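Single-structure report; data block below.
Model, not experiment: these values are computed from the prediction.
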Amino acid sequence: MKYPYLVIILLLSGFSLISQPKKNQADLILINGKVWTSEYAFSFQEAIAIQGNQIIQVGKSIDIKKLAGKNTKVIDLKGRLVIPGFNDAHIHFLNGSLGLSEVELTEANTLDEVLKRIKEFAQNNPEKKWITGRGWQYTMFPGGFPSKEILDKVIGDRPIWIRAYDGHSAWVNSKALELAGITKDFKFNGYGEVLRDGNGEATGTLTEEAQFIFSKVIPETSREEKLNALRKGMKLAGSLGITTIQNASGSVDEFLLYEELLKNGELTLRTSTAFSVGDYTTKEDIESFVQIGNRMGNDPLIKANSVKFMLDGVIESHTGAMLDRYSDVAKDDPSPTGSLALPLDTYRNLVTQFDKLGFQIYTHAIGDKAVREALNAYENARKLNGVNQSRHRIEHIEMISSDDLPRFAKLKIIASMEPIHAEPGTSSVWAKAVGENRLPNSFAWASMLRNKAMLVFSSDWPACVSINPIRGLHTAVNRRTIDGQPLEGWVPEQKISIQDALYAYTYGGAYSSHEENTKGKIASGYFADIVILSQDLFTIEPMKTYETKVLMTIFNGNIIFQDTEF
């Protein structure tokens with residue numbers, strides 16, 4: 001035979017070609033499901049094919065199964081609902097993760113339960129010099145605020161510092177006040193206050209920035225402790241179907257923690273950071289933010305091209321900035337409409353500056369005055385700098401004037417809101433402060449959608465009673481507690497459909513970070529961030545929404561969580 005070596009080479013090369021996987025061969029296939037693609041309200045398919053970290057095809061099971069090879073993992077969904085991974089678009093993930101190792105009170109519904117948990121935590125952690133935690137609710141106390149004496153009866157020899165569930169107030173005992181040097185003569189001149197009784201003595205409650213007086217005496221958390229906390233937090237997020245977070249505050253040091261996890265291949269969610277800014281922000285700070293944003297570019301796992309302002313406080317402590325006076329303040333109250341956290345000129349100038357630099361801007365604005373001033377500042381920046389594609393956001397928007405609702409769509413401002421903040425079981429102090437006449441515009445999700453605003457949902461964890469997106473969905477579609485109260489719903493005219501709520505928790509979040517072409521949908525070419533649920537949210541009785549469990553979470557093409565039932 002002439003050219004025997006050529007025949008051998010051809011045979012070997014042919015064998016090599018046959019052995020290679022098909023170009024569209026899937027690594028993971030999901031079949032026989034009800035796949036909500038998020039492309040529009042009732043867009044459903046049956047199956048998904050995943051190769052690497054991307055979805056390569058969505059369609060009927062019979063067609064998708066053709067993409068299976070000998071090494072393909074095939075999962076029979078048995079009719080279960082599949083949705084895009086949840087995008088928690090406003091979260092404080094490091095703080096929440098650190099809190100997993102502290103006193104956790106968000107599930108405590110009575111004062112007795114709160115005190116029991118604090119006492120047990122102290123007994124189980126004798127080595128801790130400070131007892132810290134989060135989660136008490138204003139509704140547990142007459143007047144909305146707790147006192148040091150209640151904590152003193154539980155623990156008197158160790159200092160206690162515990163934040164409210166919303167993060168805007170702190171409750172301390174006498175030992176903590178002593179160590180921080182807060183006496184009758186102590187004066188605090190920042191935003192917020194040290195609450196005092198009729199004799200001028202500190203009561204044990206501090207609001208807003210006054211909470212941070214204790215930062216000089218509470219032991220600092222090490223870098224390794226923070227990294228371990230984030231690892232713990234990511235496991236929790238995965239179990240709840242959260243595949244993307246957008247940190248609505250943060251420092252350069254905090255951002256570097258996520259970058260380290262990225263370099264180590266440990267990130268199991270996509271993350272972005274909005275750096276905290278205000279009148280304290282320096283030129284050097286801004287230069288650092290720009291450098292980090294440029295360095296990360298369009299990395300699909302970690303972003304840093306946003307900044308976050310605090311423009312007011314919260315309704316419960318009367319620090320949210322309102323257009324009209326609070327309904328439950330005394331006639332001689334010195335701040336009957338709350339207050340802004342920043343001088344308006346400073347805020348407007350900084351907004352214009354960051355807008356010009358190309359940053360996306362988040363503004364915390366809870367009261368209707370703060371919401372209006374945020375819209376005004378964005379509109380002013382637009383006039384001075386021209387229209388850009390930054391997709392600025394306003395965070396929370398718990399109260400809004402009807403006159404300002406159309407401005408979101410007109411100015412292309414994203415309405416970033418937390419349905420869990422409207423949990424009726426925590427609303428009594430809030431509602432009393434707002435008054436009955438203003439309630440129709442409370443947490444006005446339906447009004448936002450009617451006015452064509454882009455609505456984005458999140459948890460604000462740990463400043464909430466639950467990080468679980470399912471609980472947020474339950475509140476969004478029912479405006480009732482999981483126990484069914486109130487029967488007619490709290491401000492029921494503002495509840496929305498499950499389709500709109502899911503859209504706000506998936507595609508809306510992706511849009512808000514300029515990533516709507518790569519995530520937030522189940523479609524060919526999109527990242528394989530997918531959640532399998534125990535119930536069909538589209539067909540079950542809405543009041544059963546909260547019972548839904550995440551059975552599996554797929555992130556970047558990998559299964560990162562699987563429930564024992566699945």
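- No more than 12 heavy atoms of other residues, nucleotides or ligands sit less than 6.0 Å from atom CD of Gln389.
- The environment of NZ in Lys308 is crowded: more than 12 heavy-atom neighbours from other residues, nucleotides or ligands sit within 6.0 Å.
- More than 12 heavy-atom neighbours from other residues, nucleotides or ligands sit within 6.0 angstrom of CD on Glu287.
- Between Arg391 and Tyr511, the closest heavy-atom pair is NH1-O, 2.7 Å.
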Would Glu102 and Arg134 count as a salt bridge (charged side-chain N to carboxylate O under 4.0 Å, His left out) if you check the C-alpha gap in whole Å, the side-chain angles of each, and the deciding distance to 0.1 Å? CA-CA 8 Å; Glu102 299 179 324; Arg134 179 190 289 264; over 6 Å; no
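- When atom types are taken as modelled, the side chain of Thr139 and the backbone of Val429 share no donor-acceptor pair closer than 3.5 angstrom.
- A cation-pi arrangement is present between Arg270 and Phe527, with the terminal nitrogen or guanidinium carbon under 6.0 Å from the aromatic centre and inside a 45° cone about the axis.
- Remark: the backbone N or O of Tyr165 is not paired with any side-chain donor or acceptor of Tyr138 at under 3.5 angstrom.
- For Lys226, the NZ atom sits in a packed shell: over 12 heavy atoms of surrounding residues, nucleotides or ligands are nearer than 6.0 Å.
- Atom CG of Asn294 is surrounded by more than 12 heavy atoms from other residues, nucleotides or ligands within 6.0 Å.
- Evaluation of the salt bridge (Lys or Arg N to Asp or Glu O under 4.0 Å) rule for Glu254 yields no partner, not counting sequence neighbours.
- The closest donor-acceptor contact from the side chain of Asn468 to the backbone of Ile470 lies under 3.5 Å.
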